[in-house]
Amino acid sequence: MKISSAEFVMSNSDVAQCPKGRFPEYAFIGRSNVGKSSLINMLMQRKSLAKTSGRPGKTQLINHFLINKNWYLVDLPGYGYARVSKSSKKTFQKFITQYFEKRQQLVLGFVLIDCRHEPQPIDLAFMEWLGESQIPFNIVFTKADKLKPMALERNLKAYELKMLESWEEMPQYFITSSQNSLGRESLLEYIDKLNDSLSAL
Ligand code: GTP
Ligand code: MG
């Protein structure tokens, strides 16, 4: 897919205030610092369309980006990063779960997972919740540039084995790096196909 335009539209914490209309949208979700905002910049080949930071907790709101004037990418705050003690903070912020439950235009969510780490309970719990809520999602492994091919393969295998403990099959996944644009073409082609299949309805 050729990207001819990518514009920031709005930020808010209320799903009811998100853009009206019927353009399909795709949301990036995952732990703080996993690389959600960087992935948006990589896909759009823009340095700072979405705000990124080395410190977790940069994205705080639901951010809509209008792409090619006919679909949206959505950058969400991360979960799993609590400045305050765990007991005093809900694991998943309410406006994030409400976004997934209520947003009719959402085609699917991409759950971002840092490929360097072993499966984290919070990611497994979030995917479990998406499954129970019947919200379609795919997995995007991030920061692939940080691992050698053998280590990457080993981690992906381990992830798949872990997923198969609770899922019938491994969800479709993509391997990406925002540093060297790995996975850009496949993700964009995939979204393009989904957009086409929706407009054919
Ligand atoms: P929050 O908004 O805080 O939830 O974080 P986020 O998931 O949006 O992460 P962000 O894109 O801000 O990136 C966090 C850090 O990881 C930044 O320092 C990025 O430069 C770095 N980073 C993101 N993606 C990659 C990648 O593919 N490779 C490498 N090497 N670093 C990355
Ligand atoms: Mg962010």
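Every number for a ligand or one of its atoms is a count from 1 in the order of the listing.
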I'd like a table of donor-acceptor pairs (distance under 3.5 Å, sequence neighbours excluded) in which one partner is a side-chain atom from residues 39-50, with atom names and distances.
from: Asn41; atom 1: OD1; to: Leu49; atom 2: N; distance (Å): 3.1
from: Asn41; atom 1: OD1; to: Ala50; atom 2: N; distance (Å): 2.7
from: Asn41; atom 1: ND2; to: Lys47; atom 2: O; distance (Å): 3.2
from: Asn41; atom 1: ND2; to: Ala50; atom 2: O; distance (Å): 2.9
from: Gln45; atom 1: OE1; to: Arg184; atom 2: NH2; distance (Å): 3.2
from: Arg46; atom 1: NH1; to: Ala6; atom 2: O; distance (Å): 3.0

Go through the steps to decide whether Phe126 and Phe100 satisfy the test side-chain contact (heavy atoms from CB on, under 4.5 Å), and finish with yes or no. CA-CA 11 Å; Phe126 193 77; Phe100 280 99; 3.8 Å; yes
Tyr26 and Asn138 side chains, donor-acceptor separation under 3.5 Å: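 Per modelled atom types, Asn138 and Tyr26 side chains form no pair under 3.5 Å.
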Validation: residues 108-118 side-chain donor-acceptor distances under 3.5 Å, sequence neighbours left out:
from: Asp114; atom 1: OD1; to: Arg116; atom 2: N; distance (Å): 3.0
from: Asp114; atom 1: OD1; to: Arg116; atom 2: NE; distance (Å): 3.0
from: Asp114; atom 1: OD2; to: Arg116; atom 2: NE; distance (Å): 3.4
from: Asp114; atom 1: OD2; to: Arg116; atom 2: NH2; distance (Å): 2.7
from: Asp114; atom 1: OD2; to: His117; atom 2: NE2; distance (Å): 3.4

Can you tell me how far apart CG (Asp145) and CD (Gln179) are? Round to the nearest 0.5 Å.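 CD of Gln179 is found 4.5 Å from CG of Asp145.
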Going by salt bridge (charged side-chain N to carboxylate O under 4.0 Å, His left out), name the residues that satisfy it together with Lys102, two or more places apart in sequence or in a different chain.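 Salt bridge (charged side-chain N to carboxylate O under 4.0 Å, His left out) list for Lys102, sorted by chain: empty.
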Counting backbone and side chain alike, does Thr52 bring an N/O/S atom below 2.8 Å of the Mg ion (ligand 2)?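 No, Thr52 does not qualify, because none of its backbone or side-chain N, O or S atoms lies under 2.8 Å.
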Would you say Ser37 has an N, O or S atom lying under 2.8 Å from the Mg ion (ligand 2)?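 Given the 2.8 Å cut-off, Ser37 counts as a ligand of the Mg ion (ligand 2).
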Test side-chain contact (heavy atoms from CB on, under 4.5 Å) on Tyr190 and Phe174 and set out the steps. CA-CA 10 Å; Tyr190 179 71; Phe174 298 85; 3.5 Å; yes
Applying a heavy-atom distance cut-off of 4.0 Å, which protein residues contact ligand 1?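 Near ligand 1, by chain and number: Arg31, Ser32, Asn33, Val34, Gly35, Lys36, Ser37, Ser38, Thr52, Ser53, Gly54, Pro56, Gly57, Lys58, Thr59, Gly78, Lys143, Asp145, Lys146, Ser177, Ser178, Gln179.
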